[in-house]
Amino acid sequence: MARVRRNVLTDRSSLEKFCRGVNLLKRDFSAGVTTKSLGLSEMELPVSAYDQFVIWHYVAMNTLTPDDDTNTTFRNAAHRGSVFLPWHRFMLLLLEQHLQRVLEDDTFGLPYWDWAADGDQPVGQQPRLPLWSDQGIGGAGTPVTEGPFGFDEQNPDESFRVLFFEDTISGELSVPLGPRGLVRDLQRPTSTFGLPTSQQVLGLLESETKYDVPNWDVRSPSGMRNVLEGWLRFTPTSPAELHNRVHVWIGGDMAPGTSPNDPAFYLNHCNVDRIWEAWMVRHGRIYEPDDSPGNPEGHRLNDEITALVSRLRTTPKEMLDVSHIYTYDALPQPA
């Protein structure tokens, strides 16, 4: 029976299980994975089950998919191109399985955050909405000190800690010099923009009838993927940097390639996946580009999705219909 993914804004149980599961994965070193075994360094730094996903995302963002013989590219193995949605669907599925394992609950569905519902609220109130309270996932801070992912300087080993991060200057995967908590901005004080709105999400579902279009990257002038990923900027008749805007709005550890350091990453991407599912229900389970010569390698229908572990294999085609594995409690749909 397919599990159900539910909205953390309305389903308290899903939120609590998610938070508990994330903290369990942060402390799960049972697989014996190290930075050396992953080929990242000669140092044998232990990597938790949770941080394997942080590293995987970082590696994918730094794996370029060139589009011409000059090695100039606008894509990487998970972003800025057509594979964006199936790659992250695959990632969410694997994380969901790990959460089921540590929670000992094979019915658990990874929850989503309907950020458009929060985006419909007044911009100035959005950082103070319930999700960002100590009863949710904590709020802003350097580091965050409240909620299930808060950092306690008096008890750092029992706190939620960032163990690997992308250095903003070198771009390299780094480790903190000492215990470090999670960093969030939540709509910087100098910013006037808020989260995407329901109207913008519904506009995407109505207006974009193609999954993606050439150049199959950030230069694509239309297409559901490029609009949902967020490379097409806001106009009165189009969506508003949907996925990208959420990352920027949260800020802090949600900004670099190690953005899965913030558990909000998964709540965001589960909602992105939900919007993609709603689009497919409306327009069909179609994917572009196909396998024709000249289409970008790594982003075609039957190309292998880049994973951190070689035995984990899938393709965009296999990610188009996973309704036998999970469903959503509700999909956004235009009237």
Side-chain angles (χ1 to χ4, degrees), residues 2 4-11 78-93 109-121 126 193-214 216-249 265-289 299 301 316-317 319-323 325-335:
V4 180
R5 293 181 172 180
R6 303 183 186 279
N7 185 357
V8 293
L9 300 181
T10 58
D11 192 283
H79 308 80
R80 296 173 173 259
S82 308
V83 80
F84 169 71
L85 291 165
W87 190 96
H88 285 86
R89 173 167 281 190
F90 184 44
M91 182 192 201
L92 297 182
L93 276 168
L110 185 66
Y112 64 91
W113 164 39
D114 183 5
W115 33 252
D118 283 355
D120 291 340
Q121 303 305 310
Q126 292 175 19
F193 71 80
L195 292 162
T197 67
S198 298
Q199 182 180 7
Q200 290 158 359
V201 171
L202 297 179
L204 161 69
L205 297 174
E206 287 185 312
S207 64
E208 298 299 331
T209 59
K210 291 184 175 293
Y211 174 80
D212 206 356
V213 300
W216 318 113
D217 60 19
V218 301
R219 298 167 294 180
S220 299
S222 61
M224 186 276 299
R225 188 277 312 166
N226 205 27
V227 174
L228 181 53
E229 190 172 358
W231 298 109
L232 295 181
R233 296 186 179 275
F234 175 74
T235 70
T237 58
S238 71
E241 307 164 306
L242 299 173
H243 152 268
N244 288 350
R245 173 163 288 204
V246 177
H247 274 269
V248 173
W249 186 89
F265 172 94
Y266 297 102
L267 303 179
N268 172 26
H269 273 277
C270 198
N271 193 51
V272 170
D273 184 81
R274 169 177 165 263
I275 294 169
W276 180 29
E277 182 66 19
W279 184 88
M280 287 192 287
V281 168
R282 185 175 178 84
H283 298 286
R285 298 190 183 278
I286 53 178
Y287 181 89
E288 299 159 291
H299 291 259
L301 180 64
K317 183 177 181 179
M319 289 292 101
L320 293 183
D321 189 355
V322 292
S323 56
I325 302 175
Y326 68 83
T327 60
Y328 287 99
D329 58 356
L331 296 175
Q333 290 291 351

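We number each residue from 1, following the sequence as shown. Please read these numbers as outputs of a predicted model, since none were measured by experiment.
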Which atom of [X] lies closest to which atom of [Y], heavy atoms considered:
X: Pro86; Y: Tyr211; value: CD-OH, 3.5 Å
X: Ala278; Y: Gln333; value: O-NE2, 3.3 Å
X: Val8; Y: Pro111; value: CG1-CB, 3.3 Å
X: Val218; Y: Asn226; value: O-ND2, 3.4 Å
X: His299; Y: His79; value: CE1-O, 4.0 Å
X: Tyr266; Y: Met91; value: OH-CE, 3.8 Å

Between [X] and [Y], a side-chain donor and acceptor under 3.5 Å:
X: Asp118; Y: Trp113; value: yes
X: Trp115; Y: Asn268; value: yes
X: Tyr328; Y: Asp273; value: yes

Kindly compute the distance separating [atom1] ([X]) from [atom2] ([Y]), expressed to the nearest 0.5 Å.
X: Gln200; Y: Leu205; atom1: CD; atom2: CG; answer: 12.5 Å
X: Asn271; Y: Arg5; atom1: CG; atom2: CZ; answer: 11.5 Å
X: Ser220; Y: Trp231; atom1: OG; atom2: CH2; answer: 12.0 Å
X: Ser207; Y: Leu202; atom1: OG; atom2: CG; answer: 10.5 Å
X: Leu85; Y: His243; atom1: CG; atom2: NE2; answer: 9.0 Å
X: Leu110; Y: Arg274; atom1: CG; atom2: CZ; answer: 13.0 Å

- Worked check of side-chain contact (heavy atoms from CB on, under 4.5 Å) between Glu208 and His283: CA-CA 9 Å; Glu208 298 299 331; His283 298 286; over 6 Å; no

- Are Arg225 and Phe84 in a cation-pi setup, meaning NZ or CZ lies under 6.0 angstrom from the ring centre and within 45 degrees of the ring axis?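 Negative - Arg225 is either too far from the ring of Phe84 or too far off its axis.
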
Can any side-chain N or O of [X] pair as donor or acceptor with the backbone N or O of [Y] at less than 3.5 Å?
X: Asp120; Y: Thr197; result: no
X: Thr327; Y: Ser323; result: no
X: Gln126; Y: Gly194; result: no

- Item | Arg89 and Glu277 ion-paired at < 4.0 Å | yes

- Hey, mind stepping through Leu320 and Trp276 against side-chain contact (heavy atoms from CB on, under 4.5 Å) and telling me if it holds? CA-CA 10 Å; Leu320 293 183; Trp276 180 29; 3.9 Å; yes

- Should the pair His247 and His269 be assigned to parallel (<30°), tilted (30 to 60°) or perpendicular (>60°) ring geometry?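 Answer is perpendicular, since the angle exceeds 60°.
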
- Give the C-alpha distance, both sets of side-chain angles, the deciding distance and a yes or no for side-chain contact (heavy atoms from CB on, under 4.5 Å) between Phe90 and Val83. CA-CA 11 Å; Phe90 184 44; Val83 80; over 6 Å; no

- Which residues pass the side-chain hydrogen bond (donor to acceptor under 3.5 Å, both in side chains) test with Ser222, sequence neighbours left out? none

- Partner set under side-chain hydrogen bond (donor to acceptor under 3.5 Å, both in side chains) for Tyr112, not counting sequence neighbours: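 Tyr112 satisfies side-chain hydrogen bond (donor to acceptor under 3.5 Å, both in side chains) with Asp329 only.
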
- Message: Could you walk me through whether Tyr287 and Lys317 satisfy the side-chain contact (heavy atoms from CB on, under 4.5 Å) test, starting with their C-alpha distance in whole Å, then the side-chain angles of each, then the deciding distance to 0.1 Å, before giving a yes or no?
- Response: CA-CA 8 Å; Tyr287 181 89; Lys317 183 177 181 179; over 6 Å; no

So, do [X] and [Y] sit near enough that their side-chain heavy atoms are less than 4.5 Å apart?
X: Ile286; Y: Met280; result: no
X: Pro289; Y: Leu301; result: no
X: Glu288; Y: Trp216; result: yes

